Amino acid sequence: MKKSTKMLSCLLVSLLMLSGCTQTPADNNNQSSDIKDGTYTASEKGYGGDVTVTLTVSSGTISDVAIEGADETKTIGQAAMPELIEQVKAAQSSEIDGVSGATMTSNAVKSAVDAAMSEAGFTVDANTVIGEDQTLTTDVVVIGMGASGSMAALSAAEAGANVIGIEMTSTLGGMGNAAQGMFAIGTTLQEERYGNDLGSDEEYWFNHYLELSNYLGNGQLIRTFVSEAKNTVEYLLDHDINVYLSKTAQQIAHFDDTIIYHRWGNTQPFVHLQEYLDQYNVDIHYNTTATKLLVNENNEVVGVECRNEDGSKLIVNAKSVIVATGGFAGNEAMMKEALGEEIYETVSVMGGSDGSGLEMMYEVGAGKGELLSMNHGVGPKSQDVQVADQLTLNSPVLWVNNLGQRFMAASLLKDTVDYSSAVLAQGGFAYTIVDQKTVDQWTDMSQANTGSWVHYWDRFGITDENGDPTIYHAPVDKETFLADFEVLTNTGDGKIVNTLEEAAAFIGCDAETLKATVAAYNQAVNDKYDPEFYTDEDSLIWTCETGPYYITKGYNAVLGSLGGVDVTNEMQVVTEHNEIIKGLYSTGNNVSGLSVAAYVNVEGTGLGFALTSGRLAGASAAEYAK
């Protein structure tokens, strides 16, 4: 949460924030008489490179502020700059709170403001208040206290290790708080439902993961995960964290599978984990950013150097280091490497860590594993659309690429990963076209349902006579549907047109090509047989015959990132030659080898692997520390 930009005084900043500048703003009685109007620029080192502040001084006050930092993380440091500009303007000094999560960028701005104001003639107190540097010693240090890091810290502590946690934000659990459930096979919850004959299922799921990776996955890691995930569920249950087995699969594509999706039963599972971390005296340093791994003369990782929110340095000497920083989705350069530069500009990245944990591991010799995006659905750029996109971009309708051609079976919509990857292969975006007849049926409020299934059936569906969710979507109010298309039109992500020629013009494709595509598609729906893509019969529902036509442009949604370093089945990081780096462990989305080429479409893989790898890394790191 962004803090207020108003400060009572530099003394209050010093007492509460242990930071900040102490220069005198223009309206202070102690201001210098030598203040000169003009433009003044200064640069300081931020997280990724130089952060440059330009102040415009008019009539002895700061009238304008500009901040630049091309090498700062796009979704963290660069995203904080507009807020930092407003804070400096309001404070008329560097007496600002900064932006939570962008500590190093904020500190760079403060220092650069001091330097620029000094050049302009303002009186700047050089005695900047800052916290004292500190050195601590422990058995295990965990960098990143998200889902995997929290589990790693607790697991290590329960194994008898003294543990310190480093977390750059002020929150425990990270994206784990937003996740819904985890993969596991062979749990007591499944035994209650299916009986105790689940051994063959473990073999099936191991082979299934390998098949999905075209046998390029890390077989040892996959085998360990499939085998150990059940123990993670039991571990959570033993720690009073209520986990329950989903009644059925979350997406239609998995309806015939054994239910392996174990969901959070607590609304705040990490609140409960915090209680256990406190019991074991795990010392968590929030708003603290790890900057460098420490290595001894034997190339063993023996600690981490960090920077606190107040700018002071924290050194943690440790026998084992676990890097659980959650991937690189917030690192523009690494995401471009994973996706390609052109596709990166089209996709919608939901956010994530800045990749600093991976970069620290590379610096000490970790081999670079495969970098992947976590493709998970397709949506419009605008967040103001309420319901129209739930149908146009989540239903088995006519999908075309920028050439006006079909490129996938509509039945791929039964799984978000499958159709998201198919759209990614078309350049990261695609178009759906529905006709007026379809919209009339979707907006007929007199009917029980639209007749169209949606892949997240339990989220967008309706209930049956027993009160259970169905795969169908409820009708949409027509005014709401049209209002959504007004939003889509204004953002350039949709349009209502009268003819296919107009549709082709909006898409930017050849009109005759689009007409041929529509004709072939309509024939497939009428015949209930798709000779081009072999779409399932239950997915051949909506023809596209009568204008007006409603077009929605959908962008590949990237939930996060996957991979970066390779590990052993004990989560030890290895070099490019598969040699173990002693003392270094990694977890969760930092780890390559579970998903290959694309996010494995097994429900609960992300959270399941995060929690399981964290638990295993903690136990392994504690054992090594002994």
Side-chain angles (χ1 to χ4, degrees), residues 180-181 183 193-194 244-263 375-379 385-399 408-423 430 432-435 437-477 480-481 484 521 524-526 528-530 533-544 550 552 554 557 559 599 601-605:
Q180 296 186 47
F183 164 87
R193 181 175 301 180
Y194 298 112
Y244 69 95
L245 187 63
S246 181
K247 187 172 183 179
T248 189
Q250 305 309 292
Q251 298 194 65
I252 301 172
H254 308 287
F255 273 8
D256 294 332
D257 293 334
T258 300
I259 303 304
I260 45 80
Y261 198 62
H262 295 70
R263 308 188 71 165
N375 309 320
H376 209 285
V378 175
V385 181
Q386 298 182 47
V387 293
D389 64 308
Q390 293 176 11
L391 282 162
T392 60
L393 295 176
N394 291 275
S395 291
V397 295
L398 173 60
W399 286 71
M408 68 176 184
S411 43
L412 286 187
L413 271 290
K414 293 178 179 179
D415 184 280
T416 52
V417 173
D418 286 346
Y419 89 100
S420 180
S421 295
V423 170
T432 62
I433 309 174
V434 296
D435 66 1
K437 179 182 177 182
T438 302
V439 172
D440 288 342
Q441 290 181 269
W442 285 353
T443 58
D444 180 1
M445 301 301 289
S446 68
Q447 61 186 349
N449 63 68
T450 62
S452 183
W453 54 259
V454 288
H455 49 232
Y456 270 120
W457 61 272
D458 64 335
R459 184 177 302 175
F460 299 136
I462 59 175
T463 57
D464 60 19
E465 63 275 9
N466 299 317
D468 294 324
T470 75
I471 67 173
Y472 296 104
H473 198 291
V476 180
D477 176 79
T480 301
F481 192 87
D484 281 349
Y521 170 76
V525 175
N526 289 324
K528 293 296 180 182
Y529 174 69
D530 177 14
F533 290 100
Y534 306 106
T535 301
D536 294 345
E537 183 176 327
D538 66 351
S539 302
L540 295 169
I541 305 173
W542 306 107
T543 56
C544 188
Y550 296 72
T552 306
L559 187 61
Y599 184 31
N601 62 339
V602 175
E603 293 183 327
T605 291

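From a predicted model like this one, the values you see are computed outputs, not experimental measurements.
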Close side-chain approach of [X] and [Y], heavy atoms under 4.5 Å:
X    : Y    : result
W399 : L412 : no
Y419 : V378 : yes
Y550 : T392 : no
W442 : H473 : no
T470 : N449 : no

Value rounded to 0.5 Å, distance of [atom1] in [X] from [atom2] in [Y]:
X    : Y    : atom1 : atom2 : result
L398 : Y521 : CG    : OH    : 5.5 Å
T432 : L393 : OG1   : CG    : 5.0 Å
Q251 : D415 : CD    : CG    : 4.5 Å
S411 : D418 : OG    : CG    : 9.5 Å
L245 : T258 : CG    : OG1   : 10.0 Å
K247 : R263 : NZ    : CZ    : 13.0 Å

Exercise for review: Please report the C-alpha distance between V476 and Q390 in whole Å, then the side-chain angles of each, then the deciding distance to 0.1 Å, and finally whether the side chain to side chain contact (heavy atoms under 4.5 Å, CB included) criterion is met.
Suggested key: CA-CA 10 Å; V476 180; Q390 293 176 11; over 6 Å; no

Answer yes or no: is there a donor N or O on one side and an acceptor on the other, between the side chain of [X] and the main chain of [Y], under 3.5 Å?
X    : Y    : result
N601 : V417 : no
D464 : N466 : yes
S395 : V397 : no

Tell me the closest heavy-atom pair linking [X] and [Y], and the distance in Å.
X    : Y    : answer
D538 : W453 : O-NE1, 3.2 Å
D477 : M445 : N-SD, 3.6 Å
A410 : S539 : CB-O, 4.1 Å
A388 : D484 : N-OD2, 2.8 Å

For A249, the side chain to side chain contact (heavy atoms under 4.5 Å, CB included) test, sequence neighbours excluded, returns H254, F255, I259, E603

Taken in chain and number order and not counting sequence neighbours, the residues that satisfy side chain to side chain contact (heavy atoms under 4.5 Å, CB included) with F533 are R406, A409, D530, T535

Under 6.0 Å from the [atom1] atom of [X], do we count more than 12 heavy atoms belonging to anything else shown?
X    : atom1 : value
Q447 : CD    : yes
K437 : NZ    : no
Y472 : OH    : no

Parallel, tilted or perpendicular: which describes the rings of H376 and Y599, with under 30° parallel and over 60° perpendicular? tilted

Contacts of D444 meeting side-chain hydrogen bond (donor to acceptor under 3.5 Å, both in side chains) (sequence neighbours excluded), chain-then-number -> S446

